[in-house]
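Just so we're on the same page: letters track the sequence lines, and every chain starts at 1.
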Amino acid sequence: METVKEALERTAVTLSTSINRVFADLEKIAGAVTAAAEAVPGVPRRSEFLFLKQELADFIRLHSDLIVGAGIAYAPGSLPEAPHWLEWWRAQPKGGPRFVTHDLNPDSLNYYDYTGREWFTLPSSTGGPVAVGPYVDFGGINVNIITLCVPAQTAQGMHVLGCDLTLANLEGVFLRALQLREPAVILLGPNGRVVASNNARIATGTLLRDEDLSRAETSLDVSHGNPTRLPWKLISF
Amino acid sequence: MVTTQRPQLARAADAAPPRILIQILQETAKRFPDSSALDDGRTSLSYGELLRDVRAYGRRLHQAGIGAGDKVGVRIPSGTNELYLAILAILYVGAAYVPAWCSKRPASPGSCVPLRSSPPRSGSGPSRLPGRQHRQMINRHRDTADERARRRMDSRFHVAISIASQSSRLTSAALQLEAELMTLWWGIPGHSGSESVLVDQHKAIVDAIRDRDADAAARAAEHHSRSEMEFLIEQHLRLTMRPEEGA
C-alpha cells in the first residue's frame with residue numbers, strides 16, 4: 001500500500017519531468033537567440049530573429065498538451081526599431097498559432113509594460129529559468145496561467161523567452177499522477193497560490209494563509225534538484 | 001505516469017468537440033447573428049432572432065410546467081418556422097420531443113403536449129412567491145426513488161424558484177444552466193447519500209422566502225449553490241483523475 005508521501009514523491013517526479021521537458025526545449029530556442037545575436041556585427045535588427053516564429057510554432061505544437069502560447073520579450077532598448085518589443089503567439093484550435101497583440105504604447109491606459117512583470121524581471125535578474133505564477137495575465141491573455149521563462153543573454157541585454165501553461169492541463173497531469181482523493185493535496189506556487197488541488201473546496205488560484213500551511217501534514221518540493229527553477233510544493237493536509 | 005490517448009484516425013483531432021444541438025445553435029448565433037437561419041416563405045429569421053425566439057418559447061414551455069427530462073409531443077405542420085422553433089425550445093429546456101401525426105393544421109396554431117400520465121404541473125405562475133407548488137415539488141423530490149427523476153425534480157425546482165423571482169434574466173440563465181447540466185447527469189452518479197440534504201436545502205430556501213427573510217433566503221440559496229458546485233467539482237476531479245482521460 002502506497003503511503004501519501006510516496007504518492008506525493010511519484011507526483012513530483014511526473015510533474016517535474018513534464019515541466020523540465022518544456023524548459024529544455026525553450027532553453028534550446030533561447031540558445032538560438034543568443035547565437036543569432038552573436039552572429040551579427042553590431043546591433044541585430046528584429047529581422048535577425050524572424051526564425052523565431054517557426055521555432056515557437058513548432059515548440060507550441062510539440063508541447064500542446066501543456067502549453068497554450070509562447071513568445072519572446074526583448075530587452076528594453078536592445079532593438080534599433082523600437083524601445084520595447086514583445087512577440088507572443090497563442091495556439092489555435094486549427095492552423096498555426098495566432099500573434100497576440102499587446103499594447104506597447106506607454107501613453108495608453110492598457111499599456112502592457114512587460115518590463116515590470118514578474119515573468120520578465122525574475123529571469124532577467126536571476127539569469128536562470130523560472131516558473132512564474134499562477135497569475136492572471138491582465139492585458140496579455142487575461143486568464144490564470146503559469147509562465148515558464150528562460151533568459152537569453154546577448155550583448156544588447158537579457159531577452160526573455162516564455163511559454164504559458166494552462167492550469168487546466170496542468171491540473172490533469174497533477175490529478176492523473178496523484179490518483180488520490182484523500183487526503184487533500186495541493187500543488188502550491190511560490191506566491192502562495194494554489195496551482196491545482198484534489199479537493200473541491202480548494203480552488204485553483206486560492207491564496208493560502210500561513211495558518212493554513214501550518215496544518216500541512218506533508219510538504220515536498222516538486223523539484224528537489226532545482227527548486228529555484230520550479231519553485232512548487234506538494235502539500236497534503 | 002501520464003497515459004496518453006491518441007486519435008486513431010488521421011485528422012481526428014480536427015473534429016469538432018462533442019456538443020449538443022443547442023450549443024451549436026448558440027455558437028452559430030454568436031458568430032453569425034445576422035445570417036439567415038429559418039425561412040418558411042412567410043417569416044424569415046436570422047440566427048440571432050432564432051435563438052431569441054427559442055429562448056422565449058422555452059420560457060413559455062417552462063411556465064406550462066414542461067422541464068428537463070420530459071417527453072413532449074409536437075403536433076405542428078411541417079414546413080413552418082414554428083415546428084423548428086418548438087423542437088429547439090423543447091431541447092433548450094432539456095426535454096425530448098416526439099413527433100405527433102398531424103393530417104391537417106390543428107385548430108389552434110401549433111401545439112406542444114407533455115406526454116405523461118400525471119396531470120400537468122401548474123408551475124409557479126407569475127408574480128407568486130414560492131408556496132404550495134414549491135413545497136409539493138420538494139415533497140416529490142423527497143419521495144421519488146428513481147435517480148433520474150430526482151435529478152429532474154432538482155432541476156425543476158431551481159427553474160421554478162427563478163421563475164418565482166420574476167427576473168427574466170435569472171430565469172433565462174437558470175434554464176440554460178439546467179439544460180447544460182442535464183447532459184452531464186447521464187454520465188455521473190448521483191449525490192449518493194446526500195439526497196435528503198438537497199431536499200432540506202431546498203426547503204430552507206422556500207421557508208426563508210415564505211417568511212420574507214431576504215437575508216436568510218440569500219444565505220440558504222448560496223449554501224445550496226455551493227453544495228451543488230462542490231458536487232460538480234468533485235465529479236470533474238474524479239473524471240480528470242481517470243488515466244484514460246489523459247490528453
key: Donor + acceptor pair across side chains of A:Ser223, A:Asn226 (<3.5 Å)   = no
ask   = Does the distance from a Lys or Arg side-chain N to an Asp or Glu carboxylate O, for B:Asp154 and B:Arg151, drop under 4.0 Å?
value = no
inquiry  = Over 60° means perpendicular and under 30° means parallel, so tell me whether B:His202 and B:His224 are parallel, tilted or perpendicular.
reply    = perpendicular
key: Option in A:Leu66, A:Leu175, A:Val13 with maximal non-hydrogen atom pairs under 4.5 Å from chain B   = A:Leu175
message = For A:Lys5, is there an ion pair with A:Glu9 - N to carboxylate O distance below 4.0 angstrom?
response = yes
ask   = chain B contacts: which residues in residues 179-189 of chain A have a non-hydrogen atom closer than 4.5 Å to it?
value = A:Gln179, A:Leu180, A:Arg181
A:Arg201 CZ: over 12 foreign heavy atoms closer than 6.0 Å = no
key: Aromatic plane relationship, A:Tyr74 with A:Phe49 - under 30° parallel, 30 to 60° tilted, over 60° perpendicular   = tilted
Side chain / backbone / both / neither for A:Ser197 at chain B, heavy atoms under 4.5 Å = backbone
request  = Mind checking ring pair (Phe, Tyr, Trp, His ring centres under 6.0 Å) for B:Tyr92 and listing every partner two or more places apart, or none if nothing turns up?
outcome  = none
